[in-house]
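Here is the structure we will look at, set down as structure tokens.
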Amino acid sequence: MSMTIKTEITTLSTLLEDYNYQYYVLDNPTVPDSEYDRVFQQLQKLENEHPQYISSNSPTQKVGGVALSKFDQVTHQQPMLSLDNTFTEQGLSDFIDRAIEKSATNDIAFCIEPKLDGLAVSIIYEDGIFIQAATRGDGQTGENVTENVRTIANIPLKLRGNNIPAYLEVRGEVFMPKAGFEKLNARLQAAQEKSFVNPRNAAAGSLRQLDSKIAASRPLSFYCYSVGVFSGDLANSQYQRMQQLKEWGLPVSSEVQRVIGVSACQKYYDDILQKRTQLPYEIDGVVYKVDDIAIQDKLGFVARAPRWATAYKFPAEEALTVIENVEFQVGRTGAITPVAKLAPVFVGGVTISNATLHNKDEIARLDIHIGDHVVVRRAGDVIPQVARVILEKRQVENCKPIKFPSHCPVCESALERIEGEATIRCTGGLYCAAQRKQAIKHFASRKALNVDGLGSKVVDLLVDHNMVKNPAQLFSLSEQQIASLPRMGDISAKKLINSLQVSKKTTLSRFLYSLGIREVGEATANNLANHYKTITAIQEASIEDLQRVSDVGDIVAKHIYYFFRQEHNIEVIEQLLTQGIHWPEIATVEESELSLLGQTFVITGSFNKLSRADIKSALQTLGAKVAGSVSKKTTTVIAGEAAGSKLTKAEELGIHIMDEAALLSLLNQ
Ligand code: IVH
């Protein structure tokens, strides 16, 4: 009897270890979360009933234990070093040249990996069992954070596979993924507790919790980046060692690569900088390590950093500057956005002098004053933001509070704030020149009617010269009128008239999107078009009926309904149709004609004949689902030019791949 329970506990533990390995290390879960939970609960129940069989490395033992009064010190057997930095391509190529020169070897290979923004941790496994974890500390001694690190979900308490060393120290970075950080801060704010400034601080704060139950509740994660002390033999290559760790069940970033040559090294940096904002965790550069361990040993160390490794850092995403003034911009739907005018500062690789302050509440939340010293943040293409005020630097005599206007700064109409919304809006509608400009720009934009040559500056001119009051009037402009505008000539006027003509042939979905109905983006416009097939049907739909369309909830339905009941909008739509805007009829598709029903497509790369939106809507019309990322569930990947990681992943998974030509012939069938 007791033997069977013991066996059952082992079987369930092994099953959970396999699930964890597939999920965290292979990034390829084989069972749904509910199945994992079911097995977990089954194991937990058995262990509760038979506590004598609970092993300290059971998958259930990741919830934290009794709180400590302080952390013990741990002396590292091998010092934990830091890295030299460079910020330039030149710095990288100097590092590579030095490594080649000092090692007297040409063509050295490098193992390259993202520089994770967290904290270094050393973990010791004895006979494959998790024994101890310590922070880096001063490099010689760190703190014993075993109980906290034990709770980190992707760190195995038991290694798997063959030839596991009797003693193995792995080193790596503990970090907090971006999504987990946002959730944690939301939770702390809701509980009126102090939130964290960034994921790195959140990771550090969580790892230093004396109560491991709190650490267990924090979404920490870990990637290995090197091997410390070990017994037995390991491969003589940094890259192969990382692959070996992975086989033993340890998490290693999927971005690790082995390359040769300066240009390949630089390309990796450029590529990952591009990908930076899409990665689920924060990175602040790339680490280059000589791959060959024998060459590493030959190169040795200077001071506290190895000569065989360097960090090529990304431009900082945060910088300190001063708010010189605040202006208020009016958006397409009348939303008033406060914009901070900054003393110019270099951040995220560019010089910025504006940052959005979002809305009135945000100004209050950050307690921003004109004259304040602030930290601004610019990540990738994201609009620069003010992250926080440095209150210590505030000089009361040089500071003044920000006064939110009571009337529209452009048309002087009253402002209103709808209950429950953070946004304050101008009530002027298309009477307001600012809203008119934005509405026309949106109408002409690429995903809407796509009017070539009608850029922001031209629209500003047309509105400022009172030539167009609404999108429909664009189509009655004459060549002479356009040519009379400053910096426009006969040729550009002719071109614009021609593109306006071309843009009249569109799709119902684009037309709907172009109207700029609140909350109706490309996807919703597409769903509406597929559902109703005609503009009249949409115009006549009731609020209840609109909610039957996928993605349309109560609020969006009301926006749509009221939009089509405004006299002015009805008129503009009528004028547009009279001007000859048209689209092909949407055929009513019988269920039997949904030839792609049950299939999931992913679109990647760029296309010549079709836009991504058009491809998406065509596939959806045939019943297919269109997903954002490649997984085992993907049926087909549509790959255009310069397709990147999604295509690679599809190839790895053996998923059917189609180019633009093949897609066109599929759609023609
Ligand atoms: S290697 C001798 N690899 O950066 C090798 N470090 O600035 C030393 N870090 O303390 C570390 N990602 O906390 C290495 N892929 C990576 C890393 C990485 C982040 C951190 C680590 C280290 C610091 C040095």
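These numbers come from the heavy atoms of this one structure, side chains and all, not from hydrogens, waters or symmetry mates. We count ligands from 1, going down the list as the structure has it; atoms in each ligand are counted the same way.
Residue contact check: R136 has heavy atoms under 4.0 Å from atoms 10 (O) of ligand 1. Under a 4.0 Å criterion applied to the non-hydrogen atoms of L116, ligand 1 contributes the atoms 12 (N), 19 (C). The distance from ligand 1 to the heavy atoms of A120 drops below 4.0 Å at these ligand atoms: 10 (O), 13 (O).
To the nearest 0.5 Å, the span separating SG on C265 from OH on Y288 amounts to 5.5 Å.
Among protein heavy atoms, atom 17 (C) of ligand 1 sits closest to Y225 CD2, 3.5 Å. Closest to atom 5 (C) of ligand 1 among all protein heavy atoms lies L83 CD2, 3.9 Å. Closest protein heavy atom to atom 13 (O) of ligand 1: E173 OE1, 2.6 Å. Annotation: atom 3 (N) of ligand 1 to nearest protein heavy atom, K289 NZ, 3.0 Å. With hydrogens left out, the protein atom closest to atom 4 (O) of ligand 1 is K115 NZ, 3.0 Å, a heavy atom. What sits closest to atom 8 (C) of ligand 1 on the protein, heavy atoms only, is L81 O, 3.8 Å.
Remark: side-chain polar atoms of R200 are paired, donor with acceptor, to backbone N or O of G118 under 3.5 angstrom.
If you check the side chains of Y239 and E113, you find no donor sitting under 3.5 Å from an acceptor. Using a 3.5 Å distance cut-off with no hydrogens or angles, the side chains of Q132 and T146 do not pair a donor with an acceptor. If you check the side chains of D270 and Q266, you find a donor sitting under 3.5 Å from an acceptor. Neither side chain, H373 nor R394, offers a donor N or O lying under 3.5 Å from an acceptor on the other.
Salt bridge absent: R208 and E147 never bring a charged side-chain N and a carboxylate O closer than 4.0 Å.
Only the side chain of P306 comes within contact range of ligand 1, with a heavy atom under 4.0 Å; no backbone atom does. Using a 4.0 Å cut-off between heavy atoms, V287 contacts ligand 1 through its side chain alone, with no backbone atom that close. Only the side chain of E113 comes within 4.0 Å of ligand 1, counting heavy atoms alone; its backbone N, CA, C and O stay farther away. In R171, neither the side chain nor the backbone holds a heavy atom less than 4.0 Å from any atom of ligand 1. Looking at P114 against ligand 1, only its backbone comes within 4.0 Å, counting heavy atoms.
Residues forming a salt bridge (Lys or Arg N to Asp or Glu O under 4.0 Å) with K158 (at least two apart in sequence, or on another chain): E17.
S103 has its side chain within reach of I108: a pair of non-hydrogen atoms, C-beta onward, lies under 4.5 Å apart.
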